[in-house]
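All values reported here derive from a predicted model rather than from experimental measurement. Residue numbers start from 1 in every chain, and the chains themselves are labelled A, B, ... in the order their sequence lines are given, proteins ahead of strands.
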There are 2 protein chains.
Amino acid sequence: MASKDRILRLKDDTRNNILAASIDIVKEEGWQALSMRKIADKIEYTAPIIYEYFANKDAILNELTRQGYVKLGNLMQQAISEHSDPAEQLEAMWLAYWNFAFAEKELYQVMYGVEVNCCAMQNMCPDIQKPMNMLWDKIEEIIPADKRTEEYVDTKYYTCWSVVHGLISINMTRKLTSDEMNKQVLKDAIGGIIASMK
Amino acid sequence: MASKDRILRLKDDTRNNILAASIDIVKEEGWQALSMRKIADKIEYTAPIIYEYFANKDAILNELTRQGYVKLGNLMQQAISEHSDPAEQLEAMWLAYWNFAFAEKELYQVMYGVEVNCCAMQNMCPDIQKPMNMLWDKIEEIIPADKRTEEYVDTKYYTCWSVVHGLISINMTRKLTSDEMNKQVLKDAIGGIIASMK
DNA sequence: TAAATAATCTAACACTGTTAAGCAAAGGTA
DNA sequence: TACCTTTGCTTAACAGTGTTAGATTATTTA
């Protein structure tokens with residue numbers, strides 16, 4: 001029955017429309033503005049029909065997450081294919097990861113639980129800046145005078161911060177690394193960066 | 001007027017109670033379960049009185065964020081005081097940062113926008129694992145056979161991932177680094193780690 | 001054409017943040 | 001003591017959220 005196929009294809013279409021509408025809304029207004037009724041509006045239905053395609057709102061987020069990983073995988077595959085040396089391939093893969101994060105910012109946010117909405121950055125009161133300044137000043141102190149430019153201190157500061165914050169985030173969102181592994185990574189990375197300063 | 005002081009002190013008390021109740025709820029049920037009515041319940045008031053102490057819900061989050069930074073600053077100060085060598089001080093400061101993140105997990109989450117709620121980790125389907133596996137395999141390929149243990153590959157993988165993801169998160173939540181700075185950090189860190197593998 | 005099935009909507013529930021209106025107790029003033 | 005004003009707090013409501021049950025409409029099948 002070809003008509004059955006057509007109907008299934010149509011069902012698939014609205015499923016994709018739901019996902020597309022969701023991403024559209026998020027791109028326009030951010031994740032916290034995404035609601036079932038807004039999605040329904042965009043695909044010109046009422047909210048309950050969405051539940052014929054997805055169990056709940058979380059299921060939509062999960063599917064978008066999955067699609068994000070598929071896209072990321074493809075970009076990495078492409079990165080590999082553009083180089084022959086393994087080390088260059090690896091570097092290209094991480095660069096692809098980096099580029100993906102900003103090209104598909106909204107997908108990256110839901111994939112890795114990066115919240116944007118609130119606080120922290122707008123009202124930059126002294127209390128908030130203090131820990132950062134303490135670290136920055138200490139790094140400045142360690143770097144020998146002949147290398148001590150603002151840019152150089154910045155680089156070291158952000159490198160340290162990135163690896164520590166990154167490892168913390170990874171541990172908080174998915175708990176799959178052992179404690180010894182964490183200490184190892186932390187010690188190695190921080191130690192390495194500090195050594196490279198002197 | 002001493003009675004005025006007493007009343008002001010009481011007002012201050014309920015303000016602190018609101019903050020304490022908020023943290024309690026978050027520790028018990030997570031950030032997404034925090035609601036004005038639940039806070040009111042806990043301090044034995046009704047929701048609207050909270051608005052006499054905070055402009056809105058975001059203001060509560062902001063204050064908790066601020067307090068988080070104060071605590072972190074103090075811990076770092078302590079870390080400094082326990083060492084004399086600047087390099088050791090810096091390492092202790094980062095360790096304090098790390099320990100703070102897990103000792104005050106909920107504060108860290110609101111300070112740095114680390115979402116926990118959704119997706120990604122529970123239903124670990126192949127699509128989701130693929131990018132990670134590609135990177136892991138490539139790192140394994142680069143590491144010379146005599147060093148190639150699972151632990152060693154893991155360490156390098158997580159170090160790379162942490163620095164890249166950390167830098168991305170930092171850029172997404174607060175936009176205060178320049179593009180050249182990012183490229184610099186990325187190139188330096190990834191390049192350094194790859195070089196250390198061989 | 002009549003019955004059965006599928007597609008869709010309306011209405012509702014329990015929740016969310018937030019605001020306006022009202023009540024009741026306390027304070028100051030005559 | 002009597003009144004008035006201020007304060008503290010509550011109730012009720014609005015508009016929004018995710019989600020479900022029931023009713024309604026349209027389409028397919030017999």
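Counting any heavy atom pair closer than 4.0 Å across all strands shown, Ser35(B) reaches sugar-phosphate atoms only and no base atom. Across all strands shown, Leu34(B) has heavy atoms under 4.0 Å from sugar-phosphate atoms exclusively, and none from any base. Using a 4.0 Å heavy-atom distance criterion, Tyr45(B) is classed as a sugar-phosphate-only contact.
Pairs engaging residues 164-198 of chain A under the ring pair (Phe, Tyr, Trp, His ring centres under 6.0 Å) rule: His165(A)-Tyr108(B), His165(A)-Tyr112(B) [sequence neighbours left out].
If you take CE of Met36(A) and P of dT20(D), they are 9 Å apart, rounded to a whole angstrom. The separation between Ile25(A) atom CD1 and dT17(D) atom P is 10 Å, rounded to whole Å. In this structure, Gln32(B) places its CD atom 11 Å from P of dT16(C), rounding to the nearest Å. The distance between atom NZ of Lys38(B) and atom C1' of dG17(C), rounded to the nearest whole Å, is 14 Å. Distance CD (Glu52(B)) to P (dG8(D)): 7 Å, rounded to an integer number of Å. Taking atom OH on Tyr51(A) and atom P on dA21(D), their separation rounds to 12 Å, with Å as the unit. Rounded to whole Å, the distance from CD1 on Ile49(B) to P on dT18(C) is 14 Å. Protein atom CD1 of Ile18(A) is 11 Å distant from nucleotide atom P of dT8(C), rounded to whole Å.
Interface remark: the Arg37(A) side chain does not form any donor-acceptor pair with the dG16(D) base, using a distance-only criterion of under 3.5 Å.
Note on the helix from dT1(C)-dA30(D) to dA30(C)-dT1(D): angle between the axes of the first and last five pairs equals 30°, rounded to 10 degrees.
The pair Glu28(B)-Lys42(B) meets the salt-bridge criterion, since a charged nitrogen lies less than 4.0 angstrom from a carboxylate oxygen. Electrostatic pairing of Lys183(A) and Glu180(A) does not count as a salt bridge here, judged by no charged N lying under 4.0 Å from a carboxylate O.
Under the 4.5 Å side-chain heavy-atom criterion for Ile, Leu, Val, Met, Phe, Trp and Tyr, Phe102(A) and Tyr158(A) are members of the same hydrophobic cluster.
Of the candidate nucleotides dG18(D), dT18(C), dT10(D), dG18(D) has the atom lying nearest to any side-chain atom of Lys57(A). Listed nucleotides: dT11(D), dT18(C), dT19(D). Nearest to the side chain of Pro48(B): dT11(D).
A donor atom on one side chain and an acceptor atom on the other are found under 3.5 Å apart for Glu63(B) and Gln67(B).
Minimum interatomic distance between Thr155(B) and Gln184(A) (heavy atoms only, all atoms of both residues): CG2-CG, 3.6 Å. Residue Met197(B) comes nearest to Lys156(B) through the heavy atom pair CE-CB, 3.9 Å, listed as atom of the first residue, atom of the second, then distance.
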